[in-house]
Asks: 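I have a structure I would like to understand better, so I am pasting it below and will then ask my questions one at a time.
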Amino acid sequence: MTGANNFSVSGYGPARGGISRLLARDSLARRLDWPILLSAMALSLIGSALVYSATRNRTEINQGDPYYFLIRHLMNTGIGFGLMVGTIWLGHRTLRTAVPILYGLSVFMILLVLTPLGATINGQRNWLVAGGLSLQPAEFIKITIILGMAMLLATRVDAGDKQYPDHRTVLQALGLAAVPMMIVMLMPDLGTIMVAVIIVLGVLLASGASNRWVFGLLGAGALGAVAIWQLKILDEYQINRFAAFANPDLDPAGVGYNTNQARIAIGSGGLFGTGLGHGSQTTGQFVPEQQTDFVFTVAGEELGFVGAGLILLLLGVVLWRACRIARETTELYGTIVAAGIIAWFAFQAFENIGMTLGIMPVAGLPLPFVSYGGSSMFAVWVAVGLLQSIRVQRPMSA
């Protein structure tokens with residue numbers, strides 16, 4: 001009878017209690033960072049429209065279905081959203097204890113790419129293909145590098161044993177990051193290496209490690225780049241991309257074609273664009289890989305400066321809120337994880353948009369949340385889940 005009485009109150013009590021719990025200061029809904037969540041979702045939905053426009057007439061790749069890529073982009077977004085929810089549910093602290101397993105799994109997967117199970121797509125052997133499904137394991141080493149380095153650098157600091165990571169701990173963290181990076185270099189996937197280097201620098205800066213490590217790594221990176229160039233470790237097409245970046249007029253019909261057509265597409269959009277589905281460069285299929293690496297050209301041409309600016313604004317909101325999460329958390333581990341994600345998103349977005357404008361070399365990096373691609377979409381949504389977990393699990397006084 002008591003239960004019946006509690007369940008009545010004119011049929012309003014339970015609903016009112018549910019709403020009260022939902023809006024309570026310590027509820028999950030109130031503690032989520034909604035600007036990040038809504039901005040990331042808006043970017044993915046804008047990406048859906050851009051991917052559809054870029055592929056609806058591409059009968060050679062869409063299998064005769066104009067909605068082929070649109071449906072898969074939405075599915076990837078949905079799966080990514082589910083991975084975010086799962087990440088929040090597990091929590092970044094639980095994942096901290098699972099870092100050795102996650103690290104070993106990610107290294108094993110990128111090693112598989114170098115076996116006969118690996119596949120070459122668009123000149124890069126960095127894919128696993130099975131049963132019509134494809135996976136790019138290198139996308140996930142960004143997450144494991146962040147989590148692994150954060151675990152090592154923050155352990156003794158969060159325990160109160162030290163104020164900053166010592167030199168031995170920094171060396172261990174760098175060694176952890178170096179193993180998957182060297183394997184990825186064998187593919188070679190230059191774009192992922194560039195992002196990983198920026199992540200490592202961002203993590204070290206956030207950890208409070210001595211600045212000598214940062215300057216030392218910058219110097220080592222410069223020497224390494226010269227050595228890679230001189231030893232001809234890169235494939236010829238990658239070398240040609242850098243040559244075309246240094247001199248756009250070097251081969252306008254060959255290696256410089258992508259960048260030149262991308263700038264034409266963006267420049268033709270004007271203030272408000274030609275309208276979705278009405279861009280001559282996009283409809284005419286003049287820009288290669290327009291649904292993935294060069295998706296920003298669709299925004300520039302068909303949505304114009306306003307539409308392209310909206311994408312930049314939404315990316316800015318994600319980065320701004322991530323910076324706030326990194327600043328407000330009271331544990332070094334959470335700060336480092338957030339900083340690594342910030343470095344990853346900021347550089348990858350800058351590189352992707354920069355290469356379409358001709359101010360950065362073409363490196364084959366997708367635009368976070370916007371470009372078509374399951375592996376990339378899954379990885380960035382897991383990163384959003386980590387940011388949300390850091391915010392949700394911080395003390396309310398922070």
Side-chain angles (χ1 to χ4, degrees), residues 33 35-36 87 91-97 99 102-103 140-178 180-181 192-221 315-351 368 379-380 382-395 398:
D33 192 296
I36 283 183
T87 302
H92 68 290
R93 293 172 185 163
T94 300
L95 291 174
R96 181 178 188 171
T97 64
V99 163
L102 297 174
Y103 181 81
F140 302 102
I141 73 160
K142 302 168 186 175
I143 297 173
T144 52
I145 286 176
I146 292 171
L147 293 177
M149 292 188 70
M151 179 194 68
L152 289 173
L153 294 169
T155 297
R156 298 185 67 181
V157 177
D158 283 340
D161 297 338
K162 286 186 174 293
Q163 188 175 3
Y164 303 106
D166 56 28
H167 294 311
R168 180 180 178 181
T169 302
V170 174
L171 275 174
Q172 291 173 340
L174 291 177
L176 179 144
M181 289 172 65
T192 299
I193 292 297
M194 292 169 63
V195 175
V197 168
I198 298 300
I199 287 174
V200 170
L201 291 174
V203 163
L204 286 181
L205 286 171
S207 72
S210 173
N211 287 335
R212 286 179 293 179
W213 284 104
V214 177
F215 292 122
L217 285 176
L218 289 174
L315 287 168
V317 170
V318 172
L319 294 173
W320 161 56
R321 299 299 298 186
C323 287
R324 183 168 180 175
I325 290 172
R327 186 180 69 249
E328 291 181 348
T329 184
T330 56
E331 57 177 2
L332 182 60
Y333 175 73
T335 298
I336 293 175
V337 171
I341 295 171
I342 293 166
W344 164 16
F345 284 6
F347 177 78
Q348 189 161 317
F350 177 76
E351 163 61 29
V380 295
V382 168
V384 170
L386 288 170
L387 291 172
Q388 296 286 8
S389 173
I390 295 167
R391 175 176 169 83
V392 166
Q393 295 187 18
R394 80 191 195 283

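One is the number of the first residue; the rest follow in order along the sequence.
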Asks: So which atom in Thr335 and which in Ala326 form the shortest heavy-atom distance, rounded to 0.1 Å?
Replies: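 Closest pair (atom of Thr335, atom of Ala326, distance): OG1-O, 3.2 Å.
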Asks: Find the distance between CG (Leu95) and CZ (Arg93) and round it off to the nearest 0.5 Å.
Replies: 12.0 Å
Asks: To the nearest 0.5 Å, what is the distance between CD1 on Ile36 and CG on Leu387?
Replies: 5.0 Å
Asks: Taking the side chain as everything from C-beta on, heavy atoms only, tell me whether Tyr164 gets closer than 4.5 Å to Ser210.
Replies: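 Result no, sub-4.5 Å side-chain heavy-atom pair not found.
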Asks: Considering non-hydrogen atoms only, spot the tightest contact between Ile390 and Gly334 and give its length.
Replies: CD1-O, 3.4 Å
Asks: From Ile325 CD1 over to Trp320 CH2, what is the distance, rounded to the nearest 0.5 angstrom?
Replies: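 Between atom CD1 of Ile325 and atom CH2 of Trp320 there are 10.5 Å.
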Asks: Which heavy atom of Pro165 sits nearest a heavy atom of Ala209, and at what distance?
Replies: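 Heavy atoms of Pro165 and Ala209 come nearest at CD-N, 4.2 Å.
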Asks: For a 4.5 angstrom cut-off between non-hydrogen side-chain atoms, does Met149 reach Ile336?
Replies: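 No, too far: nothing below the 4.5 Å cut-off.
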Asks: Distance-only, no hydrogens or angles: does the Thr155 side chain make a donor-acceptor pair with backbone N or O of Met151 under 3.5 Å?
Replies: yes
Asks: Scan residues 141-153 for pairs that pass salt bridge (charged side-chain N to carboxylate O under 4.0 Å, His left out), counting only residues two or more places apart or in two chains.
Replies: Glu139-Lys142
Asks: Mind checking what makes side-chain hydrogen bond (donor to acceptor under 3.5 Å, both in side chains) contact with Arg324, not counting sequence neighbours?
Replies: Glu328
Asks: Side chains of Phe345 and Leu315: closer than 4.5 Å at any heavy-atom pair?
Replies: no
Asks: Is there a side-chain contact between Met181 and Ile145 in this structure, where contact means two heavy atoms from C-beta onward sitting under 4.5 Å apart?
Replies: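 Yes, at least one pair of side-chain atoms sits under 4.5 Å.
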Asks: Determine whether a donor-acceptor pair (N or O, by modelled atom type, separation under 3.5 Å) exists between the side chain of Thr97 and the backbone of Thr94.
Replies: yes
Asks: Quick one: does Thr144's side chain get under 4.5 Å of Val99's, heavy atoms only?
Replies: no
Asks: Considering non-hydrogen atoms only, spot the tightest contact between Thr87 and Gly385 and give its length.
Replies: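 Distance-wise, the nearest heavy atoms are CG2-C, 3.7 Å.
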Asks: What's the shortest heavy-atom distance between Ala150 and Val337, and which atoms?
Replies: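 Shortest heavy-atom contact: CB-CG2, 3.7 Å.
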Asks: Assign the ring pair His92 / Tyr333 to parallel, tilted or perpendicular, where the plane angle (0 to 90°) is split at 30° and 60°.
Replies: parallel
Asks: Measure the shortest side-chain to side-chain distance between Trp344 and Ile143 over non-hydrogen atoms and say whether it is less than 4.5 angstrom.
Replies: yes
Asks: Start with the C-alpha distance between Leu147 and Arg96, add both sets of side-chain angles, then the distance that settles side-chain contact (heavy atoms from CB on, under 4.5 Å), and finish with yes or no.
Replies: CA-CA 7 Å; Leu147 293 177; Arg96 181 178 188 171; over 6 Å; no
Asks: Mind checking the CZ-CZ spacing from Arg321 to Arg391? Nearest 0.5 Å is all I need.
Replies: 5.5 Å
Asks: Taking side chain as C-beta onward, heavy atoms only, is Leu174 less than 4.5 Å from Leu217?
Replies: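 The answer is yes; the side chains approach within 4.5 Å.
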Asks: Show me the donor-acceptor pairs within less than 3.5 Å that the side chains of residues 195-206 make with the rest of the protein, sequence neighbours left out.
Replies:
none

Asks: Would you say Leu386 and Ile146 make side-chain contact, with heavy atoms under 4.5 Å?
Replies: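 A side-chain contact is absent here, since even the closest heavy-atom pair is not under 4.5 Å.
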